[in-house]
Each structure stands twice: as C-alpha cells, then as structure tokens.
Asker: 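The following block contains the structure, expressed as structure tokens.
FYI, the numbering just counts along the sequence from 1. Values below: all heavy atoms of this structure, side chains included; hydrogens, waters and symmetry mates excluded. Since this is a predicted model, take the numbers as computed values, not measurements.
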Amino acid sequence: MRATILVLVTAFGLTAVAATAQGPAQPQAGRQVTICLDASGQRHQALCQRGTEVGDRYVCHCTGGLTAVTAPACDAGESPPQASAASSAAMKAALTTGTLNKVEVDGRRMCVATRHVAG
C-alpha cells in the first residue's frame, strides 16, 4: 500500500514539475515599439536604426513634425483592434499622453503588429 501511494505521489510530482516547466504562453513581456502619429492621429512609419551599444535593439524616431508614441507590441496570435472611431480617438489621445500602453478599444488592447527583423 505504501509503495502504491509513493508511486502515485511521485508521478503527481513529476507531472506538476513538467507543467511548471512548460508554463503558460508568456506575452512579449512589455516589449515596446515606437510609432509616429501626425496631428490627426494617423500612423506613419518610424525611422529606425540599430543602436550603437551591444545589446541595443533599434533606436527609432519620427521626422517631419510627426509625434513619437510608444505602444506595446502585439503578442503572437494577437492583432490590434480594427480601425474605428474609437481606435482613432485612442490614437489622438496618445498624441497627448505619448503612449498607447494600457489602452483598450472594443475589449482589445491597442498593440502594434510587428514583424521579425533579422539581426
């Protein structure tokens, strides 16, 4: 009887360790991107170049009177909200706050879809 209980407890413990090791899917842990907005809240491409220090990612800035705004990168499988009056209002508000962090539209967070850049 003790041997059976010991085997069951050990099996349960290994299952718990395996589940912990895999863990839930993690978001991109606060990864931020820079976007550029014009006075009406329309998005434009930021100019980016690799940082000068080892470990620097990209340094991005806006030109031509555009305003730099930080925004969270979308997680894998996540997409930004569809264009709507509410998302346009959120973009215009970001001109004042400088960020789209913690902003939701229609129950979805205002994130920026990114693509992998080699390097």
Side-chain angles (χ1 to χ4, degrees):
M1 177 75 171
R2 277 190 196 175
T4 303
I5 293 174
L6 181 60
V7 169
L8 290 174
V9 169
T10 303
F12 177 74
L14 291 176
T15 303
V17 169
T20 303
Q22 286 181 336
Q26 296 296 317
Q28 292 189 20
R31 188 168 146 236
Q32 299 289 304
V33 295
T34 299
I35 61 172
C36 299
L37 301 178
D38 63 22
S40 68
Q42 292 294 312
R43 184 177 167 194
H44 298 270
Q45 187 67 36
L47 298 174
C48 301
Q49 62 187 23
R50 181 164 296 280
T52 56
E53 298 293 321
V54 174
D56 280 356
R57 296 210 174 200
Y58 287 88
V59 177
C60 301
H61 64 279
C62 302
T63 60
L66 299 174
T67 301
V69 172
T70 58
C74 293
D75 293 331
E78 179 183 26
S79 60
Q82 295 293 321
S84 66
S87 64
S88 293
M91 296 289 246
K92 285 181 186 176
L95 289 168
T96 303
T97 63
T99 186
L100 285 169
N101 289 321
K102 300 180 183 177
V103 175
E104 288 191 3
V105 172
D106 299 326
R108 297 169 70 183
R109 71 184 183 124
M110 288 290 290
C111 64
V112 176
T114 60
R115 66 177 196 269
H116 176 72
V117 178

Asker: Which atom pair, heavy atoms only, marks the closest approach of L95 to D38?
Answerer: CD1-O, 3.5 Å

Asker: Start with the C-alpha distance between N101 and Q32, add both sets of side-chain angles, then the distance that settles side-chain hydrogen bond (donor to acceptor under 3.5 Å, both in side chains), and finish with yes or no.
Answerer: CA-CA 9 Å; N101 289 321; Q32 299 289 304; 3.1 Å; yes

Asker: Kindly compute the distance separating CD (Q42) from SG (C36), expressed to the nearest 0.5 Å.
Answerer: 13.5 Å

Asker: Determine, using the 4.5 Å side-chain heavy-atom cutoff (strictly less than), whether V59 and I35 are members of one ILVMFWY cluster.
Answerer: no

Asker: Hey, what do you get for CZ (R31) to CG (D75), rounding to the nearest 0.5 Å?
Answerer: 9.5 Å

Asker: For side-chain contact (heavy atoms from CB on, under 4.5 Å), just list the numbers for Q82 and V105, CA-CA rounded to whole Å, side-chain angles, deciding distance to a tenth of an Å, and then say yes or no.
Answerer: CA-CA 9 Å; Q82 295 293 321; V105 172; over 6 Å; no

Asker: So, taking the atom named CZ in R43 and the one named CG in L37, what distance separates them when rounded to the nearest 0.5 Å?
Answerer: 8.5 Å

Asker: Side chains of residues 62-71: which donor-acceptor pairs under 3.5 Å do they make with residues two or more places apart or in other chains?
Answerer:
{"residue": "T70", "atom": "OG1", "partner": "G98", "partner atom": "O", "Å": "3.4"}
{"residue": "T70", "atom": "OG1", "partner": "T99", "partner atom": "OG1", "Å": "3.3"}

Asker: Between atom NZ of K92 and atom OG of S87, what is the distance when rounded to the nearest 0.5 Å?
Answerer: 10.5 Å

Asker: Could you tell me whether the side chain of P80 reaches within less than 4.5 Å of the side chain of C74, counting heavy atoms only?
Answerer: yes

Asker: To the closest 0.5 Å, what do you measure between CZ (R108) and CD (E78)?
Answerer: 7.5 Å

